[in-house]
Amino acid sequence: MSNKFYITTPIYYVNGSPHIGHAYTTVVADVLARYQKSLGKEVFFSVGTDEHGLKIQQKAAELNKKPQEFADEIAGQFKELWDKLNINYSAFIRTTDSKHKEAVQQVLQRLYDKGVIYKGQYEGLYCVGCEQFLSEKDLVNGKCPDHSKEPEIVKEEAYLLKLKDVAGELIKKIESQEFHITPQRYANEILSLLKGEGLRDVSISRSSRKVPWGITLPFDSDHTTYVWVDAFLNYLTILGWDPSADSGQVSEFWPADVSLIGKDILRVHATIWPAILLHLGLPLPKKLVVHGHILSGGQKMSKTLGNVISVNDLIEKFGVDATRYLLLSAGKFGQDIDITMERLIEKYNADLANNLGNLINRIVKLNENLKVSVKEKEPSVDLDKLEGFKFDDVLIKIWQLVNDSNKKIEETKLWELVKSDEDGAKEVMEILLQNLSKITVSLSPFMPETAKRIEEILKTNKSQILFPRVEKLD
Ligand code: MSP
């Protein structure tokens, strides 16, 4: 087994400030990366920003800014938020980095020389919000369901990438799980697309008059490349890949072990991206891990609905680790997750302020006189489940142990036992400390700072308030 582990996150568009969906994906990846590190793996964890294309060009123009200036601003906000959220990434890529741009042009040239990119006419319905061509079938009442907007009808000369040819090979790789899409229902969705309507060659260029904010095709300066081609290649260029070296290998980290994405970008990641890799003769990511969306009060978050929950507000209210906890425990990984501020406050108070916070305080207090010392670090609870991306299950398991430990204190009436039967009390305390040690180790990928602080508390036997109660909303 290789000792290397590569996890990728989508690079985020810089057409607006980071939001809770971005934070969710990135925290999930950070937990996985920290967990793999704890197994002794050498981990590469990629993050970045997707900075070209019509959407960003238009947004910058609205704000009277140059696209690059606007992109710099927003990329800065992403970096700031990742630092705040204690995201331990290995590198941050921006698609406007010159090395990346050069590599994209080299790849385009190579694909063109190979004949898998060819000039043609492209006609389709383009949604700027998605930066994707949609089919009639994707529309609801003539509108893109994700952006509630009618797509533009685009009919232009364009360069196309051969996709039709690769459908058969893709089906095989998905079915054999050589290219493992998980959870399974997302694999089924792609298989039924591939076996049903199939793939059609896709336009990979836009007119450089309409979309000047993009990477120019090296073989035709009247065209810029489609943002997704530019964007996908980040997964390779961030590793320092130089396509001109043509060593046949990208880096020791490729193929990625886990590519984490949200369900809205599944189709492109499971068709265009693997097609590019196949055409380049490169292996596909081992796992495409798909998560659902975060909803607020059952609906998509939007300024118009006024139901936006901001990450910065969460951090301010609950602190960094609690925000990470609340995001990952809010629902089943892979499914849509509905949150409301009321429920987050309730969960924070119940799980963190009460259950975990109290357990630590009681242990410290009751151990003041008993002075039982902490043994070796305990192995963690069932973290294997993280290999199956069952974050919420792991957290539930950890909290079972928190609850059991609190119960043990109640059942043994430990506060009385310390007075009446010191040896008996010491025995109970030993079990409690073992549990707490297990809880701490298991929590450390999710709540790294909290884990450190619990260790410190145990070492010094000095209590700290880790999670002050948060008042309910009026
Ligand atoms: N730039 C492309 C990705 C290119 S990857 C080669 C993109 N960017 S994005 O900023 O629009 O979204 C990126 C990620 O955020 C996606 O994985 C998407 O699913 C996720 N989320 C956006 N809104 C979300 C929620 N409300 N909830 C959870 N994740 C969501 O697409």
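Ligands are counted one by one from 1 in listed order, and the atoms in each one are counted from 1 as well. Computation of the quantities below employed the complete heavy-atom set of this structure, encompassing side-chain atoms and omitting hydrogens, waters and symmetry-equivalent molecules. On a predicted model such as this, the values are computed, not experimentally measured, just so you know.
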Structural part of His19 in contact with ligand 1, heavy atom criterion under 4.0 angstrom: side chain

Are His269 and ligand 1 in contact, using a heavy-atom cut-off of under 4.0 Å? yes

Those atoms of ligand 1 less than 4.0 Å from some heavy atom in His291: 28 (C), 29 (N)

Side chain, backbone, both or neither: which applies to Ile265 and ligand 1 if a contact is any heavy-atom pair less than 4.0 Å apart? side chain

Just which atoms of ligand 1 are under 4.0 Å from any heavy atom in Asp50? 1 (N), 2 (C), 4 (C)

Using distance alone, determine whether Gly292 and ligand 1 share an N or O pair under 3.5 Å. no

Considering heavy atoms of the protein only, find what lies nearest to atom 3 (C) of ligand 1 and give residue, atom and distance to 0.1 Å. Ile11 O, 3.2 Å

Distance col, row Asp50:CG vs Asn234:CG, nearest 0.5 angstrom, shows 7.5 Å

Could you tell me which atoms of ligand 1, counted from 1 in the order shown, lie closer than 4.0 angstrom to a heavy atom of Ala231? 6 (C)

Where the closest heavy atom to atom 11 (O) of ligand 1 is concerned, which of Tyr13, Phe78, Trp273, Tyr235 has it? Tyr13

Should you measure from each heavy atom of His22, which atoms of ligand 1 turn up under 4.0 Å away? 10 (O), 15 (O)

Heavy-atom contacts with Trp228 under 4.0 Å: which atoms of ligand 1 show up? List them by number with element. 2 (C), 3 (C), 4 (C), 31 (O)

Any donor-acceptor N or O pair under 3.5 Å, side chains Tyr122, Asp201: no

Within-cut-off N or O pair, Tyr12 and ligand 1, under 3.5 Å: no

Do Phe232 and ligand 1 have an N or O pair less than 3.5 Å apart? no

Report, in ascending order of atom number, the atoms of ligand 1 lying under 4.0 Å from any heavy atom of Pro10. 5 (S), 17 (O)

Can you confirm, on distance only, whether ligand 1 has an N/O atom lying under 3.5 Å from any N/O atom belonging to Tyr24? no

Please say whether Gly262 places an N or O atom under 3.5 Å from an N or O atom belonging to ligand 1. yes

